[in-house]
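Any value given below was found using the heavy atoms of this structure, including those in side chains, with hydrogens, waters and symmetry copies removed.
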Amino acid sequence: MAQKIPQERIKKILKILRRTYPNVKTALHHRNPLELLISTILSAQCTDKRVNQVTETLFSKLRTVRDFAGVSLPDLEEMIRSTGFYRNKAKNIKACCRDILKKHGGKVPDNMEALVRLPGIGRKTANVILGSSFGIPGIVVDTHVKRLSQRIGFTTEKDPIKIEFDLMAAIPKKDWIDFSHQMIQHGRALCTARKPRCPECPLRDLCDYGCNAA
DNA sequence: CTCCCGATAT
DNA sequence: ATATCAGGAG
């Protein structure tokens, strides 16, 4: 909806984020779009540290779309169990790869419409893949981007998809990919859910939360 | 809205 | 003990 936060302030925030996190990219270890897709499915409600720990072994055993499409569910479940939601994730990963094989010639789709039609892939996961594997601009609204956007005052919405569109309206398209990574990094480093370190925050003078809370 | 779910920080 | 971690589907 209507962005109440002035353009002037947005410019300053983007500038500080770029300066504070100059070369951020996804923390999910991957070598190709397939590995990123699987890592991102696994990352739901799980730390990227654990995902990387699991995928190191997983990707040494299963390498191709065919491998994942043909794996036995109990085997896959056991390999990813520690990431939580492991039954849903295993089922979705396998079904995803079967669809990619059948409907997309074994290639991970490079557009939003096709990606969100795959089982277990919503706009957040799709935007991660589009941005980091194909360089296609999108804003990743995960738990961090949601929380920070609300705290800073970018949005008053609660639905991640509405937040995504609020952010797209407020932020230049060329900044979407880096902005997502910078917000996620900032959420992990300082603007944490439980005990945000507002006094140390480079955005403290531009934020509605913490020190400046009403 | 609820359910899926293990691991870790607080 | 409980909130939270790069969510998505029914």
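As rounded to whole Å, 11 Å separates atom P of B:dG6 from atom CD of A:E78. Rounding to whole angstrom units, CD of residue A:E77 and C1' of B:dC4 are separated by 12 Å. In this entry the distance linking CZ of A:R188 with P of B:dA9 reads 13 Å, nearest Å. Atoms NZ (A:K91) and P (C:dG7) sit 18 Å apart, rounded to a whole Å. With rounding to whole Å, A:N127 atom CG is found 12 Å from C:dA6 atom C1'. For the pair A:D159 CG and C:dG8 P, the computed distance is 12 Å after rounding to whole Å. The CD1 atom of A:I80 sits 15 Å away from the P atom of C:dG7 (whole-angstrom rounding). Computed from coordinates, the A:L73 CG to B:dC4 P distance equals 17 Å when rounded to whole Å.
For the pair A:E77 and A:R87, the salt-bridge criterion is not met [side-chain N within less than 4.0 Å of a carboxylate O]. A salt bridge links A:K103 with A:D99: at least one charged nitrogen is closer than 4.0 Å to a carboxylate oxygen. A salt bridge is defined here as a Lys NZ or Arg NE, NH1 or NH2 lying under 4.0 Å from an Asp or Glu carboxylate O, and A:D205 with A:K12 fails to meet this definition. One finds no salt bridge joining A:K25 and A:D178 here, because no Lys/Arg side-chain nitrogen approaches an Asp/Glu carboxylate oxygen to under 4.0 Å. Comment: A:E78 engages A:R81 in a salt bridge, judged by a side-chain N to carboxylate O separation of less than 4.0 angstrom.
Looking at the side chain of A:R81, the nearest of the listed nucleotides C:dC5, B:dC5, B:dG6 is B:dG6.
In the hydrophobic clustering of ILVMFWY residues, with side-chain heavy atoms under 4.5 Å counting as a link, A:F85 and A:V51 come out apart. Hydrophobic clustering of Ile, Leu, Val, Met, Phe, Trp and Tyr side chains at less than 4.5 Å, counting indirect connections, unites A:V24 with A:L148.
Within residues 107-126 of chain A, no residue has any heavy atom under 4.0 Å from DNA chain B. Residues of residues 130-149 of chain A that place a heavy atom closer than 4.0 Å to DNA chain C, in numerical order, are A:D142, A:T143, A:H144, A:R147. Residues from residues 38-65 of chain A placing a heavy atom under 4.0 Å of any atom in DNA chain B, listed by number, are A:Q45, A:R50.
For C:dA6 and B:dT10, the P atoms lie 13 Å apart once the distance is rounded to whole Å. For the C1' atom pair drawn from C:dT4 and B:dC4, the interatomic distance equals 16 Å after rounding to whole Å. Going from the C1' atom of B:dC5 to that of C:dT2 covers 15 Å, rounded to whole Å. When the P atom is compared between C:dG8 and B:dT8, the two are found 24 Å apart, to the nearest whole Å.
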Exercise for review: Determine, stepwise, if the pair A:H186 / A:Y21 fulfils side chain to side chain donor-acceptor pair (under 3.5 Å).
Suggested key: CA-CA 8 Å; A:H186 189 58; A:Y21 310 102; 2.6 Å; yes
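An aromatic stacking contact between A:Y86 and the base of B:dG6 is absent, as defined here by ring centres under 5.5 Å apart and ring planes under 30° from parallel. Stacking between A:F85 and B:dC4 is shown: the ring centroid lies under 5.5 Å from the centre of the six-membered base ring, and the planes differ by under 30°.
A residue-by-residue look at A:R194 and A:T83 shows that A:T83 has its nearest nucleotide of DNA chain B further toward the 5' end.
Rounded to the nearest 0.5 angstrom, A:L42 CG and A:E35 CD are separated by 11.5 Å. Note that CE of A:M79 and OH of A:Y86 are 14.0 Å apart. Values are rounded to the nearest 0.5 Å. Expressed to the nearest 0.5 Å, how far CD1 of A:I38 lies from NZ of A:K94 amounts to 13.0 Å. The line from CZ of A:R63 to CG of A:L34 is 12.0 Å long, rounded to the nearest 0.5 Å.
Between A:R87 and B:dC5 there is a side-chain polar atom (N or O) within less than 4.0 angstrom of OP1 or OP2.
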